[in-house]
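Every chain is numbered from 1, with letters handed out A, B, ... down the list of sequences.
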Number of protein chains: 2
Amino acid sequence: MTDSEYRDIRQLNLFAQMADEHFTALMRGAYVQNFPAQIELITEGEPGDFLHIVISGSVDLFSAWNGRDTSMATVRPVSTFILAATIKDGPYLMSARTLEKSRIALIPSQDVRAIFDADSDFARAIVTELAQCYRSVIKAQKDLKLRTSLERLANYLLRQQRHAGGGTEFELDFEKRRLASVLGMTPENLSRAFKGLQPYGVTVTGTRITIGNQADIEHFAKPNPLIDDFST
Amino acid sequence: MTDSEYRDIRQLNLFAQMADEHFTALMRGAYVQNFPAQIELITEGEPGDFLHIVISGSVDLFSAWNGRDTSMATVRPVSTFILAATIKDGPYLMSARTLEKSRIALIPSQDVRAIFDADSDFARAIVTELAQCYRSVIKAQKDLKLRTSLERLANYLLRQQRHAGGGTEFELDFEKRRLASVLGMTPENLSRAFKGLQPYGVTVTGTRITIGNQADIEHFAKPNPLIDDFST
DNA sequence: GCAGTCGCTTGACATTTATCAATCCATTTG
DNA sequence: CAAATGGATTGATAAATGTCAAGCGACTGC
């Protein structure tokens, strides 16, 4: 692990406040590996032996049942994933695969649990992180249960726009087939949904989105902080 | 609060291991109140000033957007709800209403956060509880995204059957309109879904369910521990 | 450069789910 | 007891969403 990677990890909310000694201990036990694209890092159901950190690249969390599968989330650098399985010492509930060439750090779950007991700042950070994750999933659940696919897409675009700086033009940050899966629809339907947003001034060219009329699309999407804000 | 209620709360996973002194301090600051049925205890968006504990009765957690609403979960005695808002010191993401006459304890969120810092056993219990909650929502999300409404109902019935002891006959534990909302469908569709399960040996009389052919319904439902087991 | 691959789009169609209206049925209430 | 209420059911219909098949277009690799 390079010094700069080490510092990036140290600056994550999860690790920022803990004692140097404990952070060093965690990092000493960590493995860092480079993976090519499309490698399955984790298979759901396996024991959650490692806390994962994406240092670079990106990772898709997905799940399968009865021949179907769905993307649950995308993890981008620098952040951790599957903290809950680590804490509960339970099986992974989601599988994970690299979307591109990625660098991943693996910290043994045992170490995380041991240092949780020894470092109260780390304990507090873990609690905050878990609460944040929980609330994110609750929001996703509300999005799914309360909105149609067209509304989900519209609100996704507004979130993405804000994330990209708020300009009228921005890029989708992943391929459409996976966006469709994240939004809980088929790729065919996503195509049609983009067309369905044209009357509200949304135009799409490849991965480039243009919001032609901010008021129109917002009036349609009705974004709500209790569903769409990252922070709350 | 009666002695027996006090003991019931003490025995919750969240409070079982903490120091007596700290538990007593939490309880000293708590309010206990009786509410009639159909009272809105919490409105989403308000600051999460209290950790709630259902002592008796039951509470529906729900959310609304753009004129629609959906039940997210039902809380039954004895357990806590909206721990995450308490921890994050953020707004409630869900509203809560009593389903029947209920007795509720309210613990100021500040107290919870203060004692979290002072009692490492309590801190550990909170982390475990949050991880559990997170994983439950992930499972609910998989249920919603990977299954049709008929499949969700079939798996719900199997879970409920197991929860009721595993016999061929058992009772639904809440009214159908709300079951429909929890499962993400309309009451009309739930009615039809019950009919749709008849070919698999499921019969319904009021709130009483009979599983006529265990193998048949399981073959259709394909329950999966990573979606349907409470514990994992 | 060109064949092959893969993702995206489109159209036709099927399935699933929601909506609306009417009715049934059990429970409550006067 | 009768009327009223509210949930449950049913049927007819509409809307949303998925499936299948075909074609387009960009990128990849020989």
Query raised in the report: So is A:Arg208 actually on top of A:Phe170's ring, under 6.0 Å and inside 45° of the axis?
Result: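 That pair does not qualify as a cation-pi contact.
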Would you kindly give the [atom1]-to-[atom2] distance between [X] and [N], to the nearest whole Å?
X        : N      : atom1 : atom2 : value
A:Gln38  : C:dC6  : CD    : P     : 11 Å
A:Asn189 : D:dA15 : CG    : P     : 16 Å
A:Leu146 : C:dA18 : CG    : C1'   : 15 Å
B:Glu151 : C:dT15 : CD    : P     : 15 Å
B:Arg208 : C:dA26 : CZ    : P     : 17 Å
A:Met185 : C:dT17 : CE    : P     : 17 Å
B:Arg192 : C:dT16 : CZ    : C1'   : 11 Å
A:Lys145 : D:dT17 : NZ    : C1'   : 18 Å

Report task. Assess the side chains of A:Thr74 and A:Arg178: does a donor N or O sit below 3.5 Å from an acceptor N or O? Result ->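 The criterion, which ignores hydrogens and geometry beyond distance, is satisfied for A:Arg178 and A:Thr74.
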Compile the donor-acceptor pairs under 3.5 Å between side chains in residues 44-57 of chain A and protein atoms, sequence neighbours left out, one pair per line.
{"residue": "A:Glu44", "atom": "OE1", "partner": "A:Ser63", "partner atom": "OG", "Å": "2.9"}
{"residue": "A:Glu44", "atom": "OE1", "partner": "B:Lys142", "partner atom": "NZ", "Å": "3.0"}
{"residue": "A:Glu44", "atom": "OE2", "partner": "A:Ser63", "partner atom": "OG", "Å": "3.3"}
{"residue": "A:Glu44", "atom": "OE2", "partner": "A:Ala64", "partner atom": "N", "Å": "2.7"}
{"residue": "A:His52", "atom": "ND1", "partner": "A:Phe50", "partner atom": "O", "Å": "3.1"}

Requested in this report: Just call it for B:Thr148: base, sugar-phosphate, or nothing, with non-hydrogen atoms closer than 4.0 Å on any strand.
Outcome: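 Sugar-phosphate: the residue B:Thr148, judged by heavy atoms under 4.0 Å, touches backbone atoms but no base.
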Query raised in the report: Of all heavy-atom pairs between B:Ala193 and B:Leu153, which one has the smallest distance, and what is that distance?
Result: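 Taking B:Ala193 first and B:Leu153 second, the nearest heavy atoms are CB-CD2, 3.6 Å.
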Query raised in the report: Hey, is CG on B:Asp229 packed in by over 12 heavy atoms from elsewhere, all under 6.0 Å?
Result: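 Enclosed.
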Do any N or O atoms of the protein come closer than 3.5 Å to N or O atoms of nucleotides 4-9 of chain D, and which pairs are they?
{"residue": "D:dA8", "atom": "OP1", "partner": "B:Lys176", "partner atom": "N", "Å": "2.9"}
{"residue": "D:dA8", "atom": "OP2", "partner": "B:Arg177", "partner atom": "N", "Å": "3.0"}
{"residue": "D:dT9", "atom": "OP1", "partner": "B:Lys176", "partner atom": "NZ", "Å": "2.8"}
{"residue": "D:dT9", "atom": "OP2", "partner": "B:Ser191", "partner atom": "OG", "Å": "2.8"}
{"residue": "D:dT9", "atom": "O5'", "partner": "B:Ser191", "partner atom": "OG", "Å": "3.0"}

Requested in this report: Apply the test side chain to side chain donor-acceptor pair (under 3.5 Å) to residues A:Gln214 and A:Gln161: give CA-CA distance (whole Å), side-chain angles for both, the deciding distance (0.1 Å), then the verdict.
Outcome: CA-CA 11 Å; A:Gln214 191 74 28; A:Gln161 179 191 29; 2.9 Å; yes
